[in-house]
Every structure is written in C-alpha cells, then in structure tokens.
Amino acid sequence: MTPLIDPFARPISYLRVSVTDRCDFRCTYCMAEHMQFLPKKDLLTLEELDRLCSTFIGLGVEKLRITGGEPLVRRDILTFFRSVSRHLRTGALKELTLTTNGSQLARFADDLAALGVRRVNVSLDTLDPAKFAEITRWGRLPQVLEGIAAAKKAGLRVKINAVALKGFNEDELFGLVDWCAGEGQDLTFIEVMPMGEMGEEMRLDQYWPLKDLRARLAERFTLTDLAERTGGPARYVRIGETGQKIGFITPLSHNFCESCNRVRVTCTGELFMCLGQEDMADLRAPLRASDSDAGLEAAIRAAIARKPKGHDFDYSRQRVAGQVSRHMSHTGG
Ligand code: SAM
Ligand code: SF4
C-alpha cells in the first residue's frame, strides 16, 4: 500500500479524530454557553469511526489522537478504544492517545491503560478553583485533579496543556510550572486561537503571545531550546533548574507548517488537511456509500493530494484575519 504523502513531500503519519462535538464544560475561549450541538444522525457511529481510523492506519498513520468536544463523554467510547487498540497489538499503530478535560478520567483511566493508552493530555488552565469554574463555566477543579491522580495511578503519563490568557492565568505561570514539576508532568502552553465567531474581541484582549510568556519564564529559569520536533506546532525548552520540559504551541505562527505530518477528522467525518484553512473533504459520504473501504481510501488520497503548504492566521492588524469559522470543539483541538 502506498503511504500517504502530500504534495510537499510530507508523510501523513498522525491523525486526530474528534469523536463528539459535545462537552461537559463550556470553556469561554472554546464554546458559547448555549451551544447548538449536531443532530446525532450527523455524527459518525463508533463503527464508522473505527473504519475510518483503521483505513488511515492502513495508509500509514502511526499515531492516533482522540479528541472532541470531550471524547470521554461520548457514549460507549470504550468500545471504540477497545476496537482501535487492536492496531497497537499488530504494531501498525505506534501510539493511541487522547486529549481530555480530565473530568471523566477517574472513571476511565484504568480501562484506557489496560487497552494500551500510555499518555494523556489534560487541558487545565488554572489551579484556582474559582477561576477554573469561571473559565470552564461548568467545570469543577477537584474532579479534574482526581482524574489526573487516577490517570497517574493507572500508569498513564500526563501532560498538561494550558491556554495562555492575558489577565487570567498570567499570575499563575510559576505556580503551574512548579506544580507540574512536583507532579512529574510535562507542561505545554497554547496560544489562544481565533476560533469560532463568538468573543473575538475578548480573545484579542486575552491574547498573550508565548514569546512574552517565555521571556517571563527566562527571568527566573535557565531555558535551553530542545531540537525535538513532533511535526506539530509545539517547540520545547528544558528548564535547567528543574529538568522539566516545557512546550509552546503557537498555532498562529507559520514556523511549523513545513514539517506538518497531521490531518484532522471531525465527528461528522470532515477531513481537514490544515487547522487554519477551510478546505475539507467529506469522508462520511464514502463511509456510508459502501461497506467496502475503497471509496473512502480514494477520498482520503484525493484530499491529501491537496493538503495546503500552510495556514494564514494573522493577528498583525489588530483584527483576526484568516479566522476560521468553526469552533475548536468541532475540529478537535
Ligand atoms: N475537551 C478536550 C480538552 O479540553 O482537552 C479536548 C478538546 S479541546 C477543543 C482541545 C484543546 O483545544 C484544549 O487543550 C483546549 O484548551 C484547546 N482550545 C480550545 N479552544 C481554543 C482556542 N480558542 N485557542 C487555543 N486553544 C483552544
Ligand atoms: Fe470542552 Fe475542551 Fe472545549 Fe473546554 S476546551 S469546552 S473542555 S471541548
């Protein structure tokens, strides 16, 4: 089978799949408080998600990240994990992982670990319970901390992802770093992205460039750039004093596009070749048109053949140019 290679000679080895648009939180930068969710019939079934992932794995995808919405609120999600985990056992899939808000981890951590999940990314922007309730609208910090503890107890490595928000968690920079050092967790900061149509001005106000965050860190710590790249928008530094690795995800910069090895599929089967572009391919129609995977595979290959070179977010003129109209909860961050 010829592997997936895009027009810029980038092999596509990493797939992110959103399994639901629903969530038990309403983070202000991600969702409106009253979301209109998709009708159930539009969502890919667990069987369709499995066929889709298996087809990508057959085409050379080695790393699969499950996301959402909140992936662990999808009903029967363990059935899906159980099914795709067969590809770990054959060796075709090297890593099966998920991005979660952590609220359901206490319930699922043991099963996920038993199925071969080794790492989870948990999104957590603040360690202050009141601020946590404010930013997630519906979330409770203790539940997430219990989830993280359960994940570690089950043997999962936990990485914390924190969205950097000016005036919100600026004052917690060192608190988050110290907490993660103490807990043996990697930490990655994410620059807030202009997603969706709500709160555009608020987000521009809250935009905290990671170069500023990094400069603040450098006031207290010795930072060494790490060469390590994952093909994604993250760059890493090592903190000399603690030995910790800190990541910076700057999705608005173009500095990672040349090594981009990934594509995303939404919970309705839309394949996005680039997070910052509108172009997509519908995979649900070929999935539903036939029990054979030939049409699906052809649709995937045709889409990869038009994966763009890069994206065009631009904050430079104090307005959001290149803003894409979908929410992160839809595309799967
Ligand atoms: N519910 C899961 C969670 O929160 O981890 C998975 C889906 S969530 C959409 C994935 C990631 O996207 C989270 O780390 C979240 O903080 C991030 N995210 C959501 N909206 C964002 C935005 N506007 N800019 C930057 N990151 C965002
Ligand atoms: Fe839900 Fe994750 Fe979006 Fe927060 S960031 S609303 S937890 S999908």
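Just follow the structure's listing: the first ligand is 1, and inside any ligand the first atom is 1. Along the sequence shown, residues are numbered consecutively beginning with 1. Bear in mind that the values here come from a model prediction, so they are computed numbers and not experimental data.
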Closest candidate by heavy atom, reference atom 6 (C) of ligand 1, pool Gly69, Gly139, Ser123: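 Heavy atom nearest to atom 6 (C) of ligand 1 belongs to Gly69.
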
Name the residue from Glu62, Arg65, Glu95, Arg264 that meets the side chain to side chain donor-acceptor pair (under 3.5 Å) definition with Tyr14.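 Answer after filtering Glu62, Arg65, Glu95, Arg264: Arg65.
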
Within 45° cone of Phe8 ring axis and under 6.0 Å: Lys307 NZ or CZ: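 Geometry flag: not set, cation outside 6.0 Å or 45°.
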
Considering only heavy atoms, does Cys23 approach ligand 2 within less than 4.0 Å through its side chain, its backbone, both, or neither?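 Answer for Cys23: side chain.
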
Show which atoms of ligand 2 fall inside a sub-4.0 Å distance from at least one heavy-atom site of [X].
X	result
Cys27	4 (Fe), 5 (S), 6 (S), 7 (S)
Phe25	6 (S), 7 (S)
Gly69	8 (S)

Going by salt bridge (charged side-chain N to carboxylate O under 4.0 Å, His left out), name the pairs with one or both residues in residues 75-88, residues two or more places apart or in two chains.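 Residue pairs with at least one partner in residues 75-88: Asp50-Arg86.
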
Minimum side-chain heavy-atom gap Phe189-Leu187 below 4.5 Å: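 Answer yes - side chains close enough.
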
Would you call Asp42 and Arg284 a side-chain contact if the rule is heavy atoms closer than 4.5 Å?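 SC-SC contact between Asp42 and Arg284 confirmed.
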
Quick one: does Ser123 get a heavy atom under 4.0 Å from ligand 2?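 Outside the 4.0 Å threshold, so no.
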
Considering only residues two or more places apart or on different chains, which pairs with a residue in residues 136-146 satisfy side chain to side chain donor-acceptor pair (under 3.5 Å)?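 As it turns out, the side chain to side chain donor-acceptor pair (under 3.5 Å) pairs with a partner in residues 136-146, which skip direct neighbours, are Arg140-Gln143.
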
Backbone, side chain, both or neither: what part of Thr67 comes under 4.0 angstrom of ligand 1, heavy atoms only?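 The part of Thr67 near ligand 1 is the side chain, not the backbone.
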
Could you list which atoms of ligand 1 come closer than 4.0 Å to a heavy atom of Ile190?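 Close to Ile190: 14 (O), 25 (C), 26 (N).
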
